[in-house]
**Q** 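Mind having a look at this structure? Questions to follow.
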Amino acid sequence: MHTVVVGTSGVTASDVLAVARAGARVELSGEAVAALAASREIVDALAAKPDPVYGVSTGFGALATRHISPDLRAQLQRNIVRSHAAGMGPRVEREVVRALMFLRLKTVCSGHTGVRPEVAQTMADVLNAGITPVVHEYGSLGCSGDLAPLSHCALTLMGEGEAEGPDGSVRPAGDLLAEHGIRPVELREKEGLALLNGTDGMLGMLVMALADLDLLYRSADVTAALSLEALLGTDKVLAPELHAIRPHPGQAASAANMLAVLEGSELTGHHQDDAPRVQDAYSVRCAPQVAGAGRDTLAHARLVAERELASAVDNPVVLPGGTSQAFGSGVGRVESNGNFHGAPVAYVLDFLAIAVADLASITERRTDRLLDKNRSHGLPPFLADDAGVDSGLMIAQYTQAALVGELKRLAVPASADSIPSSAMQEDHVSMGWSAARKLRTAVDGLTRVVAVELYAATRAVELREGLTPAPATRAVLKALREAGVGGPGPDRYLAPDLAAAETFVRDGRLVEAVERVTGPLQ
């Protein structure tokens, strides 16, 4: 099994995906263990002093003015985890919780949190054992980090609350730890707070959305090309020299993908035949511009994610100093800061939801055009075998339209909202967790919208008798039939298997079928 080694300098997106989705094992580097020990020395030294230090010897949030005596500090750290584990609603997906825990471990290993090495090792042990804390949908405002979700994870480290075992059953966390030989942690100064204060949940969901959308944008380029082909459109608008004079990189990539799919088609260029057209409709002609703008949005979001993956997000943080080899000479200190604010991540999560909604919108317009006999240039109404006796794909487009309507609602930014909390101490929050949750729903919706266009476009191509589609299109048709989607005979379309088409897109088989002919798409 693949192993991800966590050091002091952050992790990569592929590391997150390996741990969250593929169950990769996690190990701490020697450098990380040394940094953990060194920063803990600073926290212990400050804890021994009479002067109050936020997060070490004080209360939290609006209660930060109270100095906590040494005999109550362990209880304080336990209590903050217990009190903050106040999430409600449905359980969050396993992959999200694993990403959340792994990214918190990434920050802990930076050596800026003051957490002991044994606490970090316990976090790794829980991940490696396949134990997943029960985390709930609601509870994070995306500022001071994803507090409630991270608190439920910290409860598991303490042997409290509920968690899901590797077999999928939900049981008391203490029992699961015992079965795997993991000793619950006993938190000390600052450690409870350090386990809670991060943007890890929203960042994990961003990383996974970026991976999913990378595949979906390539898939959407393919289905747009299939629709252009089925509508007898022209591929001249995809010429590289046209896109070079408006040099948005995403636009050029989408156009190149569509051109690769259409190479060798006998269907394109017939727009002057029976129903002459000067130009194709915007939903066909401007497909690279819309999908390309979304691709450029992905590139910006990826840059934000990379910066966040290299960050140590905590409050307060341990800054360099002390006499250790890791921190050099000088006086170490613990400083309060605002790096836990989720605005950078929240904004791009919302931006991606907008791009997703618009890509879905133009996709649905092409599907509707394929089904309308007045605009489809010779195709039967609703692509039905016997229009009137059967309704063809009429209601498949209804489903697609309903999904697009939902995606437009999900495009309303969460990050434009803020609800004050903690007696006005935390008076502006990012709502990044909410932005991430709705983006996950939007990505699922876009997958289904693309699947409906795939279903309609391939049906339409098959109805263009006497014209040979592109080799890439023929490869898609073959792969679809092998997957049991569509096929010859009218009965195959009377009850459209849209779920199978969705799985075909989601699993990457659409792109794989094309790339076997075209080579890698951009």
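Here, residue 1 is the first one in the sequence, and each next residue gets the next number. Values below: all heavy atoms of this structure, side chains included; hydrogens, waters and symmetry mates excluded. From a predicted model like this one, the values you see are computed outputs, not experimental measurements.
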**Q** Is any side-chain N of the basic residue among R25 and D125 closer than 4.0 Å to the acidic one's carboxylate O?
**A**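 Looking at D125 together with R25, the answer is no, because their closest N to O distance does not fall below 4.0 Å.
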
**Q** Do the charged groups of K438 and D350 touch, with an N to O distance under 4.0 Å?
**A**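 Answer for the salt bridge query: yes.
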
**Q** Using 0.5 Å steps for rounding, measure from the CG atom of N197 to the OG1 atom of T107.
**A** 10.5 Å

**Q** Measure the spacing between CG of N79 and CZ of R82 and express it to the nearest 0.5 Å.
**A**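 Reported to 0.5 Å precision, the distance equals 6.0 Å.
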
**Q** Going by an N to O cut-off under 4.0 Å, is there a salt bridge joining E93 and R437?
**A**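 R437 and E93: salt-bridged.
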
**Q** Under 3.5 Å, is there a donor-acceptor pair between the side chain of N315 and the main chain of G338?
**A**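 Checked: no pair found.
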
**Q** Salt bridge or not for D444 and R506, using N-O below 4.0 Å?
**A** yes

**Q** Would you kindly say whether D221 and S254 are connected by a side-chain donor-acceptor distance under 3.5 Å?
**A** yes

**Q** In plain terms, say whether R40 and D44 are close enough for a salt bridge, that is, a side-chain N and a carboxylate O under 4.0 Å apart.
**A** yes

**Q** After noting the C-alpha distance and the side-chain angles of R509 and E512, does the key distance pass the side-chain contact (heavy atoms from CB on, under 4.5 Å) rule?
**A** CA-CA 5 Å; R509 281 179 281 169; E512 289 173 3; 4.1 Å; yes

**Q** Between R295 and D214, is the closest basic N to carboxylate O distance under 4.0 Å?
**A** no

**Q** Taking the six-membered ring for Trp, are H428 and H341 ring centroids under 6.0 Å apart?
**A** yes

**Q** Step by step, would you call T447 with E502 a side-chain hydrogen bond (donor to acceptor under 3.5 Å, both in side chains)?
**A** CA-CA 6 Å; T447 305; E502 175 193 344; over 6 Å; no

